[in-house]
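Counting starts at 1 for both ligands and their atoms, following the listed order.
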Amino acid sequence: MTVYPVAGSKWVDVQKGEVSRDVFVDDGIYHTELEKIFNKTWGFLAHETEIPAPGDYVVRKLGIAEVVVARDRQGKLQAFLNSCRHRGAQVCRADSGNARNFVCPYHGWTYDQTGALLTTTFDKHLPKDVDMSALGLPKVPRLEVYKGLIFGAWDADIVPVASYIGDFAWYLDPFLSRSPGGMEVLAPPHRWRAKCNWKVGALNFVGDAQHILTTHVGPLTLDPVRAARSGFATAAENSFQVVDERGHGCTLTYLAPGLPEEAYQTHPKDLDQIYRETLQPGQMEMLNRLRVIVGTIFPNLSFIETQVGPAEKAVIMRQWQPVSGTEMEIRSWILAEREATPEYKSNVLRKGFHNFGAAGVFEQDDVELWASATLASDNTIARQFPYSFHTALPYLNNPDEAHQGPCKVFRPADTEVAQLEFMRRWGQLMEPIA
Ligand code: FES
Ligand code: FE
């Protein structure tokens, strides 16, 4: 029996293929993560199309700090802490909207769309030498846009977001920018809470092909279209996992061979033409063979593209927001190409949330089991027994050298290599070598 004490422990043992359960339930580890991971990495804040006009804003989290992401009068993106400089109240209480100024509901301090303080309403009582310009809402020190995604970072010295995503962009870009107009968020995100650690979601999306046929047996059996197209068992052999040393990863499941010809026309033909204008031939080939791709950009932004109707594929962005050692808040956005027809967008939105919204058929399957695993793991007896990632081990040092694309690629798709590599990266940041 392996016992992993919390303090000074080795939480991730890549060689043995084991990860301590503490990592998924412990509040002390959660607080360390906020400092060592969420204060040191890029975090997704919003999609540009959520705030297209001057004055538009959304309220989001960067780590666990709440920030307002706004477009100012000049059309420039701004992000600042949503906590008043007077006594800390949340200056903006709505999830999203359009505002000329932000007036704190407590005593009325008023800030503009850049977070600058305009008035305290009691300016006449301020000392003459007080510097109003130093009392604005603290800005997120780094703010960058990558293919429509707005990222922020608390670490002013972090590498540019394009370098942070690195070679993984080759796999990611076909889902963010595959048409001249780019992607568009179709509706405000669904938001809900789950009683499990944020990494459970991140790992599920980076590469947990093993849960599909058991966890989701219900919808797969009940939906004949999906069942006919899925062929997961055979497709796993032709499919693969991608691992990037920065902790990003994805699992690509290709359509099984031998299906009727029309099964391989998974996107509308007019969109297919548009993709060719933007994507490289290798990316185009990947897109056309895909049944489903799921992936995670380290640490907590995931994405999935999957069939949601006979000729509709939805792109879904997911964020696993830490709340405590055993709770997270999930946000889920549905995207489509800006050039798509209104009818196509409306189908993608409705069917996308039907599958992956807060009450989505797949979501219900997953979240119930994630909470169950957390409940069963969060006690001093269970915590003595690490989680098994053993099916990664025979493959870990054997990447597919013949593969043409960037990053490390592993076959088949239904092992735990991508999950263990995600945990390796997590361990490097949490327990840096002195
Ligand atoms: Fe905002 Fe007092 S806390 S004005
Ligand atoms: Fe699932």
Legend entry - Sidechain-backbone polar pair: R85 side chain, G136 backbone, donor-acceptor under 3.5 Å: yes

Legend entry - Sphere of radius 2.8 Å around atom 2 (Fe) of ligand 1 - protein N, O or S atoms inside: H86 ND1, H107 ND1

Legend entry - All pairs passing ring pair (Phe, Tyr, Trp, His ring centres under 6.0 Å) where residues 189-212 contributes a residue, at least two apart: F38-W198, H190-F353, F205-W320, H211-H216

Legend entry - Exam field: side chain E66 to backbone S83, donor-acceptor pair closer than 3.5 Å: no

Inset, instruction - Say whether, by atom type as modelled, one donor and one acceptor occur between the side chain of D173 and the main chain of S177 under 3.5 angstrom. - result: no

Legend entry - Sub-2.8 Å protein N, O or S atoms surrounding the Fe ion (ligand 2): H211 NE2, H216 NE2, D366 OD1, D366 OD2

Legend entry - Aromatic contact, F240 with Y254 (centres under 6.0 Å): yes

Legend entry - Close aromatic pair by centroid cut-off 6.0 Å: Y57 and F102: yes

Inset, instruction - Mind checking side-chain contact (heavy atoms from CB on, under 4.5 Å) for S96 and listing every partner two or more places apart, or none if nothing turns up? - result: V58

Legend entry - For F44 against Q319, the heavy-atom pair lying closest together: O-NE2, 3.0 Å

Legend entry - ring-ring contact (aromatic ring centres under 6.0 Å, His included) partner of H248, chosen from F298, W42, F422, Y164: Y164

